[in-house]
Structure formats: structure tokens, C-alpha cells
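Here the structure is a predicted model, which is why all the values come from computation and not from measurement.
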Amino acid sequence: QVQLVESGGGLVQAGGSLRLSCAASRRTFSNYAMGWFRQAPGKERELVAVISWSGLSRYYVDSVKGRFTISRDNAKNTVYLQMNSLKPEDTAVYYCAARGGSSYSTVVNDYGYWGQGTQVTVSS
């Protein structure tokens, strides 16, 4: 069982930056691939970025490439999402998720553990 707690969301103007953090409870955090997902009102939950257990492999959805960076610190059981050049269309609840195994997946349902979410609002 892995418990995940997100933090770092908030209100920011377009063009601004936020850094999301996700702290995991489990000591074997390094055995899990991790991901950030988001869900806007009236829309399905979508992948934002995912990272392998080692941190060496990463994947980003096209809409955030060049603006967002996912990283992890296995010693601190924490995964991060640095978000720069934010746009109003980035407004959503952002969720951290974990998947057992070394490799990441781009399929939402492959992630079995989820945090409670943190709201990110980007004003124009």
C-alpha cells in the first residue's frame, strides 16, 4: 500500500510557475513508477507526465512539453512537477499516482495508487 500526498497547488497568473510535490509513505518508493495527471471540470482525467523508478525515463503529453518537468528524489520519497509558462488551459486538479514496477505507463488505469489532488488555477 502506498499513500500519496500532493502539495504546491494554488492560483497563479498566466506565464507564472508552480512546483507540485508528492510525498509517498512507502519506504520502497523507488520500486514504483510515478505520474502526474490532471482533471479539468467536465473533462476526463488525463496524463501530464510520468517517470520511471530510476528517473531516467520520462514522458510528457504534447501540451506540456518544454514547459513542465517531472523529477523524483527517491531518498526523500518524493516526486515533483515543475510547471513553467503556465496557461489558463492548465487549470485543473492535479493528481499524483504510483504504479508498481520499474517502467512507467501512459495509461491512466495502470496506476493503482492516487493522491487526493491539488488545485491549480491559472488566471488570464
Side-chain angles (χ1 to χ4, degrees):
Q1 192 75 10
V2 180
Q3 293 184 330
L4 304 171
V5 179
E6 302 100 334
S7 61
L11 173 64
V12 64
Q13 289 188 334
S17 298
L18 284 174
R19 188 194 195 201
L20 305 183
S21 298
C22 173
S25 62
R26 195 173 177 92
R27 290 184 180 179
T28 54
F29 174 73
S30 60
N31 291 347
Y32 292 81
M34 301 295 296
W36 286 97
F37 299 79
R38 66 187 180 187
Q39 189 166 18
K43 294 187 177 181
E44 293 187 351
R45 190 169 300 187
E46 65 170 356
L47 176 148
V48 176
V50 290
I51 188 169
S52 64
W53 70 272
S54 66
L56 296 179
S57 298
R58 310 176 193 193
Y59 174 90
Y60 299 91
V61 68
D62 285 346
S63 60
V64 308
K65 283 181 180 177
R67 300 189 298 122
F68 291 11
T69 302
I70 188 172
S71 62
R72 65 189 295 162
D73 185 339
N74 288 342
K76 295 183 178 180
N77 289 0
T78 302
V79 63
Y80 305 96
L81 185 68
Q82 178 66 44
M83 305 186 294
N84 299 328
S85 302
L86 282 161
K87 303 175 181 180
E89 51 263 44
D90 293 319
T91 296
V93 177
Y94 283 70
Y95 297 90
C96 171
R99 175 178 185 267
S102 60
S103 60
Y104 64 71
S105 170
T106 60
V107 178
V108 174
N109 289 340
D110 284 348
Y111 290 78
Y113 304 99
W114 293 84
Q116 82 288 351
T118 185
Q119 177 71 46
V120 171
T121 303
V122 185
S123 63
S124 57

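Looking at E6, its side chain does come within 3.5 Å of a backbone N or O of Q116 through a donor-acceptor pair.
Residues V61 and F68 form no side-chain contact, since every pair of their non-hydrogen atoms from C-beta on lies 4.5 Å or further apart. In this structure, T91 and Q119 have side chains that are in contact, with non-hydrogen atoms separated by less than 4.5 Å. The shortest distance between side-chain heavy atoms of C96 and W36 falls below 4.5 Å.
The minimum heavy-atom distance between A40 and A92, with the atom names listed, is N-CB, 3.8 Å. Scanning all heavy atoms of the two residues, the minimum distance from P88 to A14 falls at CD-CB, 4.1 Å. For G35 against Y111, the heavy-atom pair with the smallest separation is N-CE2, 4.1 Å. Taking each heavy atom of L47 and T106 in turn, the nearest pair found is CD1-CA, 3.3 Å. Between Y60 and K65, the closest heavy-atom pair is O-CE, 3.3 Å. Of all non-hydrogen atoms in S105 and V50, the two that sit nearest each other are O-CG1, 3.7 Å.
Side chain to side chain, R38 and Y94 meet the donor-acceptor criterion of an N or O pair below 3.5 Å.
For the atom pair OH of Y95 and CG of L4, the computed distance is 13.0 Å after rounding to the nearest 0.5 Å. The CZ atom of R19 sits 9.5 Å away from atom OG of S7, with the distance rounded to the nearest 0.5 Å. To the nearest 0.5 Å, atoms CZ (R67) and CE (M83) are separated by 9.5 Å. Atoms CZ and CE, on R58 and M34 in that order, are 14.0 Å from each other to the nearest 0.5 Å. Atoms OG and CG, on S63 and D90 in that order, are 7.0 Å from each other to the nearest 0.5 Å. To the nearest 0.5 Å, atoms CD1 (I51) and CZ (R99) are separated by 14.5 Å.
No chain of hydrophobic side-chain contacts below 4.5 Å, direct or via other Ile, Leu, Val, Met, Phe, Trp or Tyr residues, connects V2 to W53. One hydrophobic cluster, built from ILVMFWY side chains closer than 4.5 Å, holds both V64 and V93. Y80 and W114 sit in two unconnected hydrophobic clusters of ILVMFWY residues. Membership requires side-chain heavy atoms under 4.5 Å apart, directly or through other members.
The aromatic rings of Y59 and Y104 sit tilted, their planes meeting at an angle between 30° and 60°.
In Q3, the CD atom is not crowded: 12 or fewer heavy atoms of neighbouring residues, nucleotides or ligands sit closer than 6.0 Å.
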